[in-house]
Amino acid sequence: MSLSNILEDWSRYRKDREDGGFHDYEHMWGMAIDLNKCIGCNACSVACYAENNLPVVGREKFSKGQAMHWMRIERYWDEPDLGDDRISEFNQHGANFIPMNCQQCNAATCEPVCPVAATYHTPDGLNAQVYNRCIGSRYCSNNCPYRLRFFNFYSYYEDAWPAPLEMQLNPDLSVRDKGVMEKCTFCVQRIRSVKDKAKMDNRPVADGEAMPACAQTCPTSAIVFGDLLKHYDPDTNAPETKVTKMWRAHQVELGKPRQNKQNPELRGYRVFEGLNTDPCVMFLERVREV
Amino acid sequence: MSKDINEDIKWAKINEDVLRSMENPRKGYWLAIAGCLFLLAFAVVAEIYQYNVGMGPANLNWPHMWDLYIATFIFWIGMSHSGTLLSAILHIIHADWRKPIYRFAEAMTTFTLMTAGLFPIIHIGRLWNMYWVLPYFSDRGIWPNFRSPLVWDAFAISTYLTSSALFLYMGSIPDLAICRDSAKGWRKKLYTVLSLGWRGDDRQWRHFRKAYLLMACFLIPLAVSVHSIVSSDFAVSIMPGWHVTTFPPYFVAGALYSGCAAIITLFIMLRYFFRFEDYMTIPILEKTCKLTFAIAMVWTYLNIIEFSSVWYGHDPIAKELLLAKFTGPYAPYFWAMIFLGSVLPFTLAFEKLRRNIPAMMVVSLLLNLGMWLERWMIVTPTLSLAYSPAAHDVMWPSWVQWFIVLGSFGWFGLLFLIFVKIIPSVSMYEVKEMIFHRRHMAKKDIAEVMHRRATDKKPASETPGLEGA
């Protein structure tokens, strides 16, 4: 390790910082989740457990709040005692569901606070977590307004998969040890293999080719996944991705803390976008008849 | 008004009294050591368990990623600040009543920092990789994230620890020389090395004064910045209850507050155990109490500012959190903190109570309990009640966290107990200075000499002959 090496490293580091910590985006993976379609069946959550080697922590640790569900279904009941008959009527229609996975914010609050830069933004527009670099200060989770980061409070792998269950672990990604933060990656291992395949075939990644486990599993196709950067290109005649189409149809745009919709009836919104986190997941509000 | 210090004490008696405190320990000392080791043993057991199993048994959970460890970390960091207040700020404003009590306060600074520094290490998930927050030259060109307040913490605390340890050591060199001159055996060898060949000649004193003043000037902004940086751990985040603009001054005020209360506690204990009644006098205790009272009121004021800015800020989530602090599951602790931090210090406003040593002992301990609760009430309610309603949760710390928190007091006590037997806990040379000044400043002609600058003209008829100048 020479002095010139050090200086070179340093200047590269500084340059990356000035560029905003990431390079030009190749992709911007995003989602559109239609809450009208969500039936709260938890299949996405289960699929996530299977795909991403999430440990099943058991009843005791779950009740202590030490579970590892990257994709969780949040249930909200209308309050029955608000004094409004109309609202209590909704209760008979059941709960409201909202599937929450990492929102892959473009201005992620978790990234600047990590002391060792274990979480950063990739050229894919993903908010990546480097397990090997993580020291477990847990500041990222504290600073996530969505609370979508999960910490390995134990060496869960030791008893999460008693033999022969360890045979079903996904070999495409690691099993995490204690003391490491983790969260939804938009199934980065799938995106990676799709990108590699497209590169070998010398073609761009097609829409729908990369598909996270939750979107694949959703029985009502409530979750649409795709590249938010792929707009219609008149030169190559490349079509717009489905997710971009939905974002455009609902007049939700990236990079805005407040959407300027011409039509207030449009259902698209992003969770806590007023905090200027610029999340890449758009939800379509549920419409309920009275 | 009674005098701060008896001006007729003989200097040999000062040496004798202070050196006596460093002689063979009595039974109580060993009992105290045993008590501290006992407390520390709890923490060691808990930490070994936590190291092997993970952070789970500590009852940390999602969303309570931080809890008592960080709260206690801030508590200890905060306590360190008043040592600097006494030794540096009061030094440059020439408040000479600090002289008999600053040495142990300065030692407290160093040892509380040594205690506080352990907590971030204990609290991180993979403590064997702790050194990654330091910007060492890595072959892979990986740097820490300089945008993170936790990295600023690492810099701030290590700088503060180094400089305050240096300041403590430097300030005690003349005293170590006194120890060297009277010690025998291995202690003589130790102090010979530690006193760095101090002979007390003019040149040495001149350099010593300059270096001491320089360090004092360096330490003051450092102390203020350290706790401001610690506060940015919270203020930089976007969480309600943490994202508060007034946090840096609020933290510094809280730091000085708890530190002053701790000084009162240690003051009383040293005065009692080492019979330092001649040096740690009631008027000095009173002055410390008044200082604590003033800081307590600053702290109260900043509390009111924080609450009212949240209230009138109309951020619904921050407001909800504030109301939850008032009425929610943490409300008993919150109101205990308000009572101990803002109401109890009014006992310091009454002369009769200020002069009552047992009362002050109890009050100072309770004030520090209040300040510890304050730190807990900063960290935990925000975690339990932030933006996402799905993550609203109340979690109480388990025995692992309590053991480690208790053990940290044992660790601090142990360091302090070792300190009082190695370095004089009352600064002998500065007490002499103080007495000298008090004795002679009253005489007009001598005061004139003392205040003359080097460039001023000397009257011809001057004879020095001031004792020990």
Side-chain angles (χ1 to χ4, degrees), chain A residues 1 5-6 8-10 12-13 17 21 57 61 64-68 72-76 98 100 109 111-120 132-156 177-181 271-272 275-277, chain B residues 51-66 70 120 123-133 135 137-154 233-234 236-240 242 317 379 382-383 386-393 395 398:
Chain A
M1 161 138 258
N5 259 344
I6 293 169
E8 213 173 276
D9 284 343
W10 177 248
R12 201 185 310 135
Y13 174 85
R17 286 293 139 203
V57 299
K61 285 170 191 161
K64 269 175 88 178
Q66 293 166 339
M68 310 293 293
R72 64 166 188 259
I73 304 279
E74 293 179 4
R75 273 182 321 188
Y76 294 105
I98 178 166
M100 292 293 281
T109 47
E111 284 170 19
V113 298
C114 176
V116 292
T119 177
Y120 74 109
N132 283 342
R133 180 66 175 163
C134 180
I135 58 169
S137 78
R138 311 194 285 287
Y139 197 170
C140 53
S141 176
N142 282 344
N143 207 25
C144 173
Y146 311 93
R147 294 274 189 254
L148 284 163
R149 290 179 149 266
F150 302 93
F151 187 68
N152 283 278
F153 288 104
Y154 294 88
S155 286
Y156 287 118
D177 199 352
K178 66 169 184 256
V180 175
M181 192 61 78
V271 178
F272 301 144
L275 297 175
N276 204 6
T277 51
Chain B
Y51 182 92
N52 284 315
V53 175
M55 305 305 288
N59 264 10
L60 292 166
N61 76 345
W62 168 93
H64 285 270
M65 296 283 174
W66 292 353
I70 296 296
H123 115 106
I124 68 170
R126 304 206 295 169
L127 64 90
W128 47 95
N129 290 333
M130 184 67 198
Y131 64 97
W132 285 354
V133 299
F137 295 125
S138 155
D139 268 340
R140 289 167 289 172
I142 301 174
W143 296 92
N145 179 9
F146 291 110
R147 294 184 296 170
S148 168
L150 299 185
V151 173
W152 312 341
D153 266 2
D233 282 358
F234 302 95
V236 163
S237 80
I238 62 163
M239 288 298 144
W242 286 3
I317 292 165
V379 174
T382 291
L383 292 172
Y387 291 105
S388 177
H392 287 183
D393 183 33
M395 192 72 172
S398 75

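Each chain gets a letter, A, B and so on, in the order the sequences are listed, and its residues count up from 1.
- Proximity to chain A (any heavy atom under 4.5 Å) is shown, for B/W152, by neither the backbone nor the side chain.
- B/W66 contributes a side-chain N or O that, together with a main-chain N or O of A/S137, makes up a donor-acceptor pair within less than 3.5 Å.
- Using a 4.5 Å cut-off between heavy atoms, B/Y131 makes no contact with chain A at all.
- Ranked by heavy-atom pairs under 4.5 Å with chain A, the first of B/P240, B/S237, B/G54, B/S148 is B/S148.
- For chain B, the nearby part of A/Y146 is the backbone; its heavy atoms alone come within less than 4.5 Å.
- Here the side chain of A/Q66 pairs no donor or acceptor atom with the backbone of B/N59 at under 3.5 angstrom.
- The main-chain N or O of B/M395 is never found under 3.5 Å from a side-chain atom of A/K64 such that the two would form a donor-acceptor pair.
- Considering only heavy-atom pairs separated by less than 4.5 Å from chain B, the leading option among A/P115, A/G136, A/G179 is A/P115.
- The shortest distance between side-chain heavy atoms of B/L150 and A/V113 does not fall below 4.5 Å.
- Looking only at distances, a side-chain donor or acceptor of B/N145 sits under 3.5 Å from a matching main-chain atom of A/E111.
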Apply side-chain contact (heavy atoms from CB on, under 4.5 Å) to the pair B/M65 and A/M181, showing each step before the final yes or no. CA-CA 11 Å; B/M65 296 283 174; A/M181 192 61 78; 4.2 Å; yes
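- Side chain of B/W132 to backbone of A/R133: no donor-acceptor contact under 3.5 angstrom is found.
- Neither the backbone nor the side chain of B/P135 comes within less than 4.5 Å of any heavy atom of chain A.
- Residues B/L383 and A/N142 approach most closely at CD2-OD1, 2.9 Å, considering heavy atoms.
- A/R138 has its side chain within reach of B/M55: a pair of non-hydrogen atoms, C-beta onward, lies under 4.5 Å apart.
- Heavy atoms of A/T109 lying under 4.5 Å from chain B belong exclusively to its side chain.
- Residue A/I135 touches chain B through both its backbone and its side chain, counting heavy-atom pairs closer than 4.5 Å.
- Among the candidates B/A390, B/A386, B/A154, the residue making the largest number of heavy-atom pairs closer than 4.5 Å to chain A is B/A390.
- Taken to the nearest 0.5 Å, the CD1 atom of B/I317 stands 7.0 Å off from the CG atom of A/L275.
- Per-residue counts of heavy-atom pairs under 4.5 Å with chain B were compared for A/R75, A/R72, A/K61; the largest is that of A/R72.
- Heavy atoms of A/M100 lying under 4.5 Å from chain B are absent altogether.
- Taking B/V151, B/I238, B/N129 one by one and counting their heavy-atom pairs under 4.5 Å with chain A, the maximum is reached by B/I238.
- Side-chain contact between A/C144 and B/Y387 is absent, with no heavy-atom pair separated by less than 4.5 Å.
- Of the possible donor and acceptor atoms, one in the side chain of B/R126 sits under 3.5 Å from a partner among the backbone N and O of A/N132.
- In this structure, chain A has heavy atoms under 4.5 Å from both the backbone and the side chain of B/P389.
- Side-chain atoms of A/R147 do not come within 3.5 Å of backbone N or O of B/S388 as any donor-acceptor pair.
- The side-chain heavy atoms of B/L60 and A/F151, taken from C-beta on, include no pair separated by under 4.5 Å.
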